[in-house]
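The figures that follow rest on heavy atoms only: side chains count, while hydrogens, waters and symmetry mates do not.
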Amino acid sequence: MLPKPLDSPYTSCYCEENIYFLVHRFLEQAQVKATWDIFAVIVSNATKTVALWSQLKAPAANTAVIWDYHAVLVLRSRLESHRGLLNTTLSIEEETWIYDFDSILEMPSRWEEYVEKTFPPDSDIPPQYRSLFRVISGEEYLRSFASDRSHMLSPAADSSTQYISPPPLYPVVCGPLAAAHGFTNNLVTHFVSMEPSKGYGTVMDRETFVSWCSQA
């Protein structure tokens with residue numbers, strides 16, 4: 001059976017923290033860990049202008065939202081499957097599933113539907129709006145992620161600063177490895193950045209991400 005997000009915290013415009021806590025919830029569940037590998041995936045590009053469709057904040061149907069970055073969770077099956085055999089239907093536990101709190105699609109969605117309805121082929125959109133995917137194991141994400149939310153601050157009229165969107169009520173997030181390294185905010189430098197030689201996890205283009213999801 002697919003795990004549900006249930007009471008996992010959600011705050012609009014703080015997708016990286018929403019996914020952080022969902023990863024934590026799933027890693028606490030022995031059956032989930034036995035069935036799936038758990039990943040956080042950060043979506044962005046060099047210009048921080050990625051076009052995603054099927055988003056709740058889209059101004060109209062069939063319209064893209066341009067994010068500077070986005071975050072989702074991926075469950076990738078650990079089970080021996082019949083993948084690739086003709087006339088074979090995969091079980092729920094043999095498939096890859098994507099959780100996106102900010103999508104109009106079902107959560108979770110089968111990866112094929114999610115990718116098709118969220119990320120058109122690169123050939124269909126201008127280069128500056130094409131997505132890259134930084135794939136990080138759930139365990140590494142929990143250990144290494146840190147955000148003091150300063151990226152959400154903007155100057156106010158009285159020369160102070162204010163949040164672009166109200167922050168979560170719980171304390172700022174800082175994983176144990178990030179804390180040991182003295183990081184208080186590595187969101188942009190180590191996760192949103194799509195430079196393959198920097199940061200955590202592996203950076204993929206759309207084609208490689210599709211192949212990874214399919215476990216081809």
Q) Which atoms form the tightest heavy-atom contact between Glu140 and Ile136, and what is the distance? A) OE1-CG2, 3.6 Å
Q: May I have the step-by-step check of salt bridge (charged side-chain N to carboxylate O under 4.0 Å, His left out) for Arg76 and Asp37, ending in yes or no?
A: CA-CA 5 Å; Arg76 195 165 176 263; Asp37 288 320; 5.2 Å; no
(Q) How close do Cys213 and Thr96 get, counting heavy atoms only, and between which atoms? (A) O-OG1, 2.7 Å
Q. Is Leu75 linked to Val23 within one hydrophobic cluster, defined over Ile, Leu, Val, Met, Phe, Trp and Tyr using a side-chain heavy-atom separation of less than 4.5 Å?
A. yes
(Q) Is a donor from one side chain sitting under 3.5 angstrom from an acceptor on the other, for Thr189 and Asn186? (A) no
Q) So, Trp97 side chain and Met107 main chain: donor-acceptor pair closer than 3.5 Å or not? A) no
Q. Tyr141 pairs by ring pair (Phe, Tyr, Trp, His ring centres under 6.0 Å) with which of Phe39, Phe191, Tyr200?
A. Phe191
Q. Under the salt bridge (charged side-chain N to carboxylate O under 4.0 Å, His left out) test, which residues partner Lys48, sequence neighbours left out?
A. none
Q) Linking I/L/V/M/F/W/Y whenever any side-chain heavy atoms sit under 4.5 Å apart, do Trp67 and Val192 land together? A) no
Q: Please find out if less than 6.0 Å separates the ring center of Phe133 from that of Phe119.
A: yes
**Q.** Under 3.5 Å: donor-acceptor pair, side chain of Arg25, backbone of Pro9
**A.** no
Q: Keeping the roles fixed (side chain from Ser103, backbone from Ser54), state whether a donor-acceptor pair exists under 3.5 Å.
A: yes
Q. Any side-chain donor-acceptor pair under 3.5 Å between Tyr129 and Asp124?
A. no
Q.
So which atom in Asn185 and which in Ser147 form the shortest heavy-atom distance, rounded to 0.1 Å?
A. OD1-CA, 3.5 Å
